[in-house]
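Fair warning: this is a prediction, and the values are worked out from it, not measured in the lab.
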Number of protein chains: 2
Amino acid sequence: MTPPRRRADATENRSRIIEAAQALITRQDELRLNEVAKRAGVGQGTLYRHFPTREDLLAEVYRHDVDELVVAAPTLLAEHKPFEALALWFRRVADYARVKRGVFSAVTSGVQRDLSGHSLGPIGDALQTLLAAGKADGTIRSDVDVRDVILLIGFLSHIEEAEADERAHHVLELILDGLRRRADDS
Amino acid sequence: MTPPRRRADATENRSRIIEAAQALITRQDELRLNEVAKRAGVGQGTLYRHFPTREDLLAEVYRHDVDELVVAAPTLLAEHKPFEALALWFRRVADYARVKRGVFSAVTSGVQRDLSGHSLGPIGDALQTLLAAGKADGTIRSDVDVRDVILLIGFLSHIEEAEADERAHHVLELILDGLRRRADDS
DNA sequence: ACCTGAACACCGTTCAAGT
DNA sequence: ACCTGAACACCGTTCAAGT
């Protein structure tokens, strides 16, 4: 019962594909799959063998970044009050969205896919933790859920880098104000 | 100096193209330009002659709908308090977005294009009127501008029809709460 | 002045042949 | 078991030839 070992060349090809995709996506927004294969030095079929869909590839490309956001949630909660932790987490998401335009789409489409599978997924769970803490201490409205927030911060995928610099934080403030629980709420 | 009259067949073709595009877009999200030309019974070149870009065509397809939204703003303001007028206008935008998925993209991309030309455009002006009224009577934060609001309601273009039914109004409420001016604001 | 539609470009995706 | 790359499909866009 030895584990079905992957052939060495397959592992190597997989890494090369991811690296090529990363290199290409940082210099422009669109990602041409044939270009990825060419740069990685593999046939197009090899790309499809490793990553059946474009999303599979992008998920892998942004894996580390998404992980960092996921890990940040409990860390922030340990060091700040819930509402402040959420605000700081938003800020972090905005920073990622500014530099790596695709992270955010990967995050949201990931959440969407996971939602249909009756699971929140890693990012959804992280956000859920933040929201629950804020509801528990009465600083966040009780009628807000993860999907609401994902939809609201989706504006980050609509703006260019320059506009994000001057406007993203402000719009996030407006959103936070909408999520805040008021004295007269039930 | 008679106006340079358009040839009758050109006018006719233009109408047929718009009608074909409307018919096709109501039955599915994407719009294939060659398909539009085929259904309209014109050559592809004719389509490009009348509508150099895809956006030009879409703007024309949704022209009536956008006009209705523009006209609604002053009407609502005449009959309701500013904040309520804004809430009702949001509701109307959401209703359009639900049925005609593309209206909203046309609206936002229109605003974006107009913004770069240092003008708000028709929809931007309508929204500007609503915001100004709310700021004047102290119900809307003074640090909010048209672009902020357009970005916030952009979530409408991310959701499917079923989800819009159960969630759009709620998320719009959250946004309105974020735009509302508080007692302690400066 | 306007129209037609063949043709080109571009990119995603598949699959027969190979190792 | 995995890889290659020719080939096909699809769609946007152009342009020479026509009326």
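Between the P atom of C/dT14 and the CZ atom of A/F51 lies a distance of 16 Å, rounded to the nearest Å. Between the C1' atom of C/dA1 and the CZ atom of B/R14 lies a distance of 16 Å, rounded to the nearest Å. Going from atom CD of A/E12 over to atom C1' of D/dT4 covers 17 Å, rounded to whole Å. Distance CG (A/L57) to C1' (C/dG12): 14 Å, rounded to an integer number of Å.
Listed by residue number, the members of residues 17-38 of chain B with any heavy atom below 4.0 angstrom from DNA chain D are B/L31, B/R32, B/L33, B/N34. DNA chain C is contacted by B/G41, B/V42, B/G43, B/Q44, B/G45, B/T46 of residues 39-48 of chain B, taking any non-hydrogen atom closer than 4.0 Å.
B/V149 has its side chain out of reach of B/L130: every pair of non-hydrogen atoms, C-beta onward, lies at least 4.5 Å apart.
Across all strands, A/R49 comes closer than 4.0 Å to base atoms (heavy-atom distances).
A salt bridge links B/D177 and B/R180; the closest N-O separation between the charged side-chain nitrogens and carboxylate oxygens is under 4.0 Å. The pair B/R16-B/E19 does not count as a salt bridge, with every side-chain nitrogen at least 4.0 angstrom from each carboxylate oxygen. Checked for salt-bridge contact, A/D143 and A/R141 meet the test: a charged N lies under 4.0 Å from a carboxylate O.
Atom CZ of B/R167 has more than 12 heavy atoms from other residues, nucleotides or ligands within 6.0 Å. More than 12 heavy atoms of other shown residues, nucleotides or ligands fall within 6.0 angstrom of atom CZ in A/R39. The environment of NZ in A/K38 is sparse: at most 12 heavy-atom neighbours from other residues, nucleotides or ligands sit within 6.0 Å.
Toward the 5′ end of DNA chain C lies the nearest nucleotide of B/D9, the other residue of the pair B/D9 and A/P52 mapping further downstream.
Look at A/H50 and you'll find a side-chain N or O under 4.0 angstrom from OP1 or OP2 of D/dC3.
A distance-only check finds a donor-acceptor pair linking the side chain of A/W89 to the backbone of A/L69 [under 3.5 Å]. Looking only at distances, no side-chain donor or acceptor of B/D125 sits under 3.5 Å from a matching main-chain atom of B/P122. Judged purely by atom type and a 3.5 angstrom limit, A/R92 has no side-chain atom pairing as donor or acceptor with the backbone of A/E68.
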Exercise for review: For B/H50 and B/E60, run side chain to side chain contact (heavy atoms under 4.5 Å, CB included): C-alpha distance rounded to whole Å, both residues' side-chain angles, the deciding distance at 0.1 Å, then the answer.
Suggested key: CA-CA 11 Å; B/H50 287 283; B/E60 200 53 40; over 6 Å; no
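Both key distances under 3.5 Å define a Watson-Crick or G-U pair, and stretches of 3 or more such consecutive pairs in DNA chain C run C:4-8 with D:12-16, C:12-16 with D:4-8.
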